[in-house]
Asks: 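Below you'll find the structure I mean.
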Amino acid sequence: DAKTTQPPSMDCAEGRAANLPCNHSTISGNEYVYWYRQIHSQGPQYIIHGLKNNETNEMASLIITEDRKSSTLILPHATLRDTAVYYCIVRVEGYSTLTFGKGTMLLVSP
Amino acid sequence: GAVVSQHPSRVICKSGTSVKIECRSLDFQATTMFWYRQFPKKSLMLMATSNEGSKATYEQGVEKDKFLINHASLTLSTLTVTSAHPEDSSFYICSARSLRLAGKADTQYFGPGTRLTVL
């Protein structure tokens, strides 16, 4: 799997949008971008994934650049409960392993 | 939908004993299950992958005789830590994947984790 680069930490004010970047400059054409988050002492939670089109669901939006070398996860109205480590992972769909990097620790403050 | 449970959530045991952790997919059939381990302030590390009815595939450096994995049905996998030692103390997390979930094929869903402390 291609590797990803994320900032180690970010801060966000409650109610504001949180924009979490991820660089994946060596991504291959058949690799998807997945986002998970892990709240302290819990298992990771699936957020969203995409190949090249922007995606939106009830949790977040995923914006993938046209060259697919980077992406941004957007939490439109961050709450205190969104404080967690966010992982950006690229993998080929159908390939079993999710490999976790260090992720971004997002701290949402009042 | 796509809920994965683990039991127990927390276990404390004496050194030398064995501990079994259960992982269940509650509302879908998991064709593949994964076991991860996470040490404090570290990321998740994959230990092994198991497909229903077949032997687990272990990652390099993970002792298969120490971490016994059984995936006997499409909704249940177990991890047994045999002859546990203090260095086995960790957060163990299972994950399940199904190719049959409509609209969410190939997505992995994670359990809440089991905190193991070996005294």
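Just so you know, these numbers come straight off a predicted model, no measurement behind them. Below, read A as the first sequence line, B as the second, and so on, with proteins coming before strands; counting in each chain starts at 1.
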Asks: Check whether A/Gln38 gets within reach of chain B through its side chain, its backbone, both or neither, counting any heavy atom under 4.5 Å.
Replies: side chain

Asks: Check for a donor-acceptor pair, side chain of B/Thr80 on one end and backbone N or O of B/Thr82 on the other, with a separation under 3.5 Å.
Replies: no

Asks: Quick check on the interface: out of A/Pro44, A/Ser41, A/Gly43, who has the most heavy-atom pairs with chain B under 4.5 Å?
Replies: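 Going by pairs under 4.5 Å, I would pick A/Pro44.
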
Asks: Heavy-atom distance under 4.5 Å to chain B: side chain of A/Tyr32, backbone, both or neither?
Replies: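 Contact with chain B involves no heavy atom of A/Tyr32 at all.
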
Asks: Using the benzene-type ring in the case of Trp, are the ring centres of B/Phe110 and A/Phe100 under 6.0 Å apart?
Replies: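 Yes.
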
Asks: Test of understanding: clusters of I, L, V, M, F, W, Y form through side-chain heavy atoms closer than 4.5 Å, transitively. Do B/Phe91 and B/Ile21 belong to the same one?
Replies: no

Asks: Does the ring of A/Tyr34 carry A/Arg91 above it, NZ/CZ under 6.0 angstrom from centre and within 45° of its axis?
Replies: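 Checked: cation-pi criterion met.
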
Asks: Does the side chain of B/Ser50 pick up a donor-acceptor pair with the side chain of B/Trp35 at under 3.5 Å?
Replies: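 Side chains of B/Ser50 and B/Trp35: no pair found under 3.5 Å.
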
Asks: For B/Gln108 and B/Arg97, which I'm curious about, is there any donor-acceptor pair between the side chains at under 3.5 Å?
Replies: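 Judged by distance alone, the side chains do not pair up.
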
Asks: Considering heavy atoms only, which positions within residues 112-119 of chain B lie below 4.5 Å of chain A?
Replies: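 Listed by number: B/Pro112, B/Arg115.
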
Asks: Would you check if the side chain of B/Ser77 reaches a backbone N or O of B/Asn70 as a donor-acceptor pair within less than 3.5 Å?
Replies: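 Yes; judged by distance alone, with no hydrogens or angles, the pair exists.
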
Asks: For residues 38-46 of chain B, give me every residue with a non-hydrogen atom less than 4.5 Å from any non-hydrogen atom of chain A.
Replies: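 Counting heavy atoms that sit under 4.5 Å from chain A, the residues of residues 38-46 of chain B involved are B/Gln38, B/Ser43, B/Leu44, B/Leu46.
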
Asks: Could you tell me whether the side chain of A/Ser28 and the main chain of A/Glu31 form a donor-acceptor pair under 3.5 Å?
Replies: no

Asks: Test side chain to side chain contact (heavy atoms under 4.5 Å, CB included) on A/Thr83 and A/Met105 and set out the steps.
Replies: CA-CA 8 Å; A/Thr83 292; A/Met105 175 66 218; 3.5 Å; yes

Asks: Would you say the side chains of A/Asn23 and A/Ser25 form a donor-acceptor pair under 3.5 Å?
Replies: no

